[in-house]
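Input: a single structure, listed below in structure tokens.
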Amino acid sequence: MNTLKESRTLEAYLHQQGLLVSPAQTGVTFSGLSNNSKETRDGDLFICKGYGFKPEYLRMAAERGAVCYMSETELPDIPLPCLLVSDVRKAQSLAARWFYDTPSQHFDLIGITGTKGKTTSTYMAHAVTEAVAGCKTGLISGMECDVGGGVIASHLTTPESLDMQKYFADARDHALPVVTIEISSQTYKVDRAYGQHFTYGVFLNIGPDHISPHEHPDMVDYLRCKIALLENSDTAVICRDTDYFDEIYAAAKANCRRVCLVGESEECDFRFHDVSKLPSGYAFFVTEKASGSTYPYAITMDGLFNIKNAMAAIAVGRMMGGAPDVIAEALQGVAVAGRSDVYTGGGITVFINYMHNSTSCQAVLEGLQHDYPGAYITVLIGMAGQRSAQRLQGVGEICGQLADRVFFTADDPDLEDPADLCQRLAAAAAGGKAEIIIETDRAAAVERAIMEAPQGSLVVLGGKGGETTQRVNGVYLPYESDPVITQRILPLREKNSTSRK
């Protein structure tokens, strides 16, 4: 994209939005936006954002060819024009939308938020929209982004505002009719989507998570940031059984043109019922309140909670005009790596899930207890570094209560000691029924959990899904991945089981 933009035009826009403090002394023409000095290109407007921003970053950007900078504080030692704003994160989001000519006006934008299930629901909605549209649609998730130009791996649940708007521009340029994006609470905490509007805002659930000095100070702030998606959407889709439903529903009614409820309750616009277990996944029926009509659906992913994830996609697809049979066929083809992978062999079943907080752990383990009544359950899980004490306590407690054996191991410990994290998890689980084992080498822990599991039992590998790295001391190190280790070890267990007969 070879676009030339005038700083005076941006200043006028930011002034209109109440964010401009003072314009640059000299107007300039720029050809790009950057907030990373290592990636700045000749002709960029450099944005000084971030709590840990240092003046040397701007100096480096100037050396790399930046022609102007936007900041909350003027840095007189830097010989570049300064565009001064009152809130650089909000200004960055608006500047990105402006630079790329508000690209989301050219397609339907679906935002999906929740404490658990965001990624799975995003993939389900993406599959449904492609089937309904009859062509390719866009996907932006915590796993990958695909907006027409090829698949790009992701490390953030929701991209930074500069990347987000660039992805939207790519989707527009590839004439994609719909984009589905995963929305984290941090998106609104740090204004990544400031000024952005959504065609559909999906609210799956909320539970106590991300409460820490580094994330949200309390549940009130966490809920506020989650609800913000609905406050910026035309249509709200809300799972009826979410906690804090009254607050969420009130916000949606006050801000959205339409509010749609999904769930098991009779009051829901789309109600699921008569669920039956399939060898892989579930069959169920959905009754639509408006017409009274009932249609059959099925998913191939295990975990009862995935029906609720599917309901959001069904509702969006139907409101977009999709036929029930088209939506049903699309859902049956959805499989999200590392979210509900099931492997069998050697007399056991291995279930791989991304569960990483108390809400998701409880949903997964209670769902497995329902589907496999009386089965012995081994759980393997860890805790990422720099997470709240509340999250760690909740994961430990739930696993200790609902599992029969728990392996605590490494899961992106980053700057923290994995042994210390495991000890704290073990202390939290101590009041439950589970036997507790600490093995900080995750690969070894996965091998032991599978090889030592009793015949006929379940092994749940939690926290990493299909990830192939471990974040240690700020660096992503290669990791074989839970699915790969599982597929390597299960035949060995099978061989050992056969030799003992």
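Counting only N and O atoms by type, the side chains of E130 and H126 include a donor and acceptor under 3.5 Å apart. Side-chain contact, T29 with E6: a donor N or O sits under 3.5 Å from an acceptor N or O. S141 and T119 share no side-chain donor-acceptor pair at under 3.5 Å. In this model, a donor atom of one side chain and an acceptor atom of the other lie less than 3.5 Å apart for Y222 and T115. Between the side chains of S184 and T157, no donor N or O sits under 3.5 Å from an acceptor N or O. Using modelled atom types, one finds no donor on one side chain facing an acceptor on the other under 3.5 Å when comparing T359 with K116. Between the side chains of S340 and N306, at least one donor-acceptor pair of N or O atoms lies under 3.5 Å. Using a 3.5 Å distance cut-off with no hydrogens or angles, the side chains of S161 and S93 do not pair a donor with an acceptor. For N35 and Q92, the side-chain atoms include at least one donor-acceptor pair closer than 3.5 Å. Q17 and Y194 form no side-chain donor-acceptor contact under 3.5 Å, judged by distance and modelled atom types alone.
Under the side chain to side chain donor-acceptor pair (under 3.5 Å) rule, K464 has a single partner from N353, T469, T409, D412, which is D412.
The aromatic rings of F30 and F99 lie parallel to each other, their planes meeting at an angle below 30°, with 60° marking the opposite boundary.
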For side-chain hydrogen bond (donor to acceptor under 3.5 Å, both in side chains), just list the numbers for S481 and E467, CA-CA rounded to whole Å, side-chain angles, deciding distance to a tenth of an Å, and then say yes or no.
CA-CA 6 Å; S481 87; E467 292 178 356; over 6 Å; no

Should V336 and M143 be marked as a side chain to side chain contact (heavy atoms under 4.5 Å, CB included) after you check the CA-CA gap, both sets of side-chain angles, and the distance that decides it?
CA-CA 10 Å; V336 185; M143 294 174 62; 4.0 Å; yes

Show your working on side chain to side chain contact (heavy atoms under 4.5 Å, CB included) between F351 and V364 and close with a plain yes or no.
CA-CA 10 Å; F351 188 83; V364 169; 3.8 Å; yes

Go through the steps for V316 and V202 under the test side chain to side chain contact (heavy atoms under 4.5 Å, CB included), then give the verdict.
CA-CA 9 Å; V316 170; V202 176; 4.1 Å; yes

Are V334 and T300 close enough, and set up right, to give a side chain to side chain contact (heavy atoms under 4.5 Å, CB included), and what steps lead you there?
CA-CA 7 Å; V334 176; T300 57; 6.0 Å; no

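By the 4.0 Å N-to-carboxylate-O rule, D221 lies close enough to R224 to be salt-bridged with it. Under the 4.0 Å criterion applied to side-chain N and carboxylate O atoms, R64 and E39 are not assigned as salt-bridge partners. In this structure, R471 pairs ionically with D414, as a charged nitrogen and a carboxylate oxygen lie closer than 4.0 Å.
Between F107 and F168, the distance from one ring center to the other falls under 6.0 angstrom. Remark: aromatic rings of H356 and Y354 are close, center separation under 6.0 Å.
When the shell of 6.0 Å around OH of Y13 is examined, it contains more than 12 heavy atoms from other residues, nucleotides or ligands. The 12-atom threshold is not exceeded at CZ of R258, counting heavy atoms of other residues, nucleotides or ligands nearer than 6.0 Å. By the 6.0 Å contact criterion, CD on Q25 is open, its count of non-hydrogen atoms from other residues, nucleotides or ligands being 12 or less.
With a 6.0 Å cutoff to the six-membered ring centre and a 45° limit on the axis angle, R240 counts as a cation-pi contact of F245.
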